[in-house]
Amino acid sequence: MTDTFEKAVAAAGFVARRTVLRPKIAIVLGSGLGAFAEQLEGSAAIGFAEIPHFPQSTVPGHSGKLVIGLVSGVPVAVMQGRVHAYEGYSSEEVTFPVRVLGRMGVKTLVLTNAAGGINEGLKQGQLVLISDHINFSGRNPVSGPNDERFGPRFFDMSEAYSARLRELAHEAARAMEFRLDEGVYLSVLGPSFETPAEIRAFRALGADLVGMSTVQETIVARHMGIEVLGISCVTNLAAGIQKEPLSHEEVMETGRAAETQLAGLLRSVVERLA
Ligand code: HPA
């Protein structure tokens, strides 16, 4: 995709004409985690297919809508669903929505996902804050010519997931009286789940969680100077840990069971950000 900047400007302009709200906070909802979008008041829902140049999700469970509305009176942009590299999209396409959110004026991005738990202390269904990531996807969305209008050629990733936002999320979880661990998220391309040997290797590398999204979006957000909070739902224990084979159905089911808690946490984070 060339002229990404012009395309992002066009898409952001299209969205701006559909609502008077100008959100500074955006939230991406991962597999089975879409419920929060239903809580928005006065919302405009725009199908990904309507937005110029937007990629369209092909995965069941990712309905593919951008919903803009109010949460506790605060304007937020919510992506219900995302596209993944394993669907055949380039990392530029995968991260295009984040470029658009940035052009819309978003300064804080909350990325949620379904992940496999590698750290044996993690329990199925729990939420985990992403403290850092390991990009094991073999791709980087900012490789190739750099467009300075988005951000600089080289940029720091030493605090990719904002310590300030993590502290805010911890406060929210304490108020809701649930445990919120932190962990390192390792991204793979997918769509095959990992082998037990890969999971042992990833554990040795320092990963607590494994998934097929988020990292590309985080890189692009940091390129644009957007602050990132990452939240994983441990939808399953990683390959070789749990006895049953891994399945997309299990990921979706566990995601649905955790949706309410995640929605509460997101609301509380938005209130604390305002
Ligand atoms: N591996 C990779 N991605 C995932 C997993 C997993 O175990 N669970 C949910 N997304």
Side-chain angles (χ1 to χ4, degrees), residues 27-36 57-64 79-89 91 94-95 110-139 141 161 180-219 228-262 265:
I27 300 170
V28 179
L29 299 174
S31 302
L33 301 172
F36 177 73
S57 176
T58 62
V59 196
H62 291 263
S63 57
M79 293 224 337
Q80 202 177 20
R82 55 154 68 86
V83 303
H84 301 80
Y86 63 70
E87 295 174 74
Y89 291 109
S91 54
V94 167
T95 55
V110 183
L111 297 169
T112 71
N113 61 48
I118 295 179
N119 186 313
E120 305 211 12
L122 295 175
K123 306 248 182 315
Q124 187 173 27
Q126 83 172 90
L127 301 177
V128 182
L129 287 184
I130 301 176
S131 57
D132 204 347
H133 76 219
I134 298 172
N135 182 6
F136 211 78
S137 67
R139 301 181 172 198
Y161 300 86
L180 196 53
D181 288 323
E182 291 200 7
V184 172
Y185 177 95
L186 181 144
S187 74
V188 291
L189 179 59
S192 50
F193 289 116
E194 301 69 40
T195 63
E198 285 168 339
I199 294 302
R200 288 194 297 275
F202 295 164
R203 185 181 298 122
L205 288 176
D208 301 299
L209 302 155
V210 60
M212 304 172 191
S213 68
T214 303
V215 162
Q216 307 288 311
E217 291 149 293
T218 297
I219 293 171
V228 178
L229 179 67
I231 307 171
S232 286
C233 171
V234 180
T235 54
N236 56 278
L237 302 182
I241 306 178
Q242 67 176 39
K243 287 178 201 72
E244 305 76 32
L246 270 51
S247 72
H248 183 60
E249 289 66 37
E250 180 184 21
V251 168
M252 296 300 293
E253 260 169 48
T254 315
R256 275 189 216 104
E259 259 180 334
T260 313
Q261 187 174 57
L262 177 66
L265 179 66

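Just so you know, ligand 1 is whichever comes first in the structure, and atom 1 is the first atom listed for that ligand. Because only heavy atoms are used, hydrogens play no part in the values below, and waters and symmetry mates are left out as well, while side chains stay in. Count residues from 1 along the sequence.
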- Item | Identity of the nearest option to atom 3 (N) of ligand 1, non-hydrogen atoms only, from G211, P191, S187 | G211
- Item | Under-4.0 Å heavy-atom contact with ligand 1, by part of A115 that carries it | backbone
- Query: Are any of the side-chain heavy atoms of L122 and L209 separated by less than 4.5 Å?
  - Reply: yes
- Query: Near V251, which atoms of ligand 1 are under 4.0 Å from a heavy atom of that residue?
  - Reply: 8 (N), 9 (C)
- Item | S232: which of D208, T214, N113 passes side-chain hydrogen bond (donor to acceptor under 3.5 Å, both in side chains) | N113
- Message: When you compare the side chain of L262 with that of F36, does any pair of heavy atoms fall below 4.5 Å?
- Response: no
- Message: Taking the side chain as everything from C-beta on, heavy atoms only, tell me whether H133 gets closer than 4.5 Å to T218.
- Response: yes
- Message: Out of all atoms in ligand 1, which are within 4.0 Å of some heavy atom of T235? Include the element for each.
- Response: 8 (N), 9 (C)
- Item | For atom 10 (N) of ligand 1, closest protein heavy-atom neighbour | A114 O, 3.3 Å
- Task: Using a 4.0 Å heavy-atom threshold (strictly under), name the region of V210 that reaches ligand 1: side chain, backbone, both or neither.
- Result: both
- Message: Students should be able to answer this: which protein heavy-atom is nearest to atom 1 (N) of ligand 1, and at what distance?
- Response: E194 OE1, 2.7 Å
- Task: Go through the side-chain N and O atoms of Q242 and Q124 and say whether any donor and acceptor fall under 3.5 Å apart.
- Result: no
- Report the nearest protein non-hydrogen atom to atom 5 (C) of ligand 1: residue, atom name, distance rounded to 0.1 Å. G116 N, 3.4 Å
- Message: Just to confirm my output: which protein heavy-atom neighbour is closest to atom 7 (O) of ligand 1, and how far is it?
- Response: N236 ND2, 2.9 Å
- Query: Counting only N and O atoms by type, is there a donor-acceptor contact under 3.5 Å from the side chain of D132 to the main-chain atoms of V184?
  - Reply: no
- Query: Mind checking whether F193 and V251 have side chains closer than 4.5 Å, heavy atoms only?
  - Reply: yes
- Note on the structure: Counting from 1 in the order shown, the ligand 1 atoms closer than 4.0 Å to a non-hydrogen atom of L246 are 7 (O)
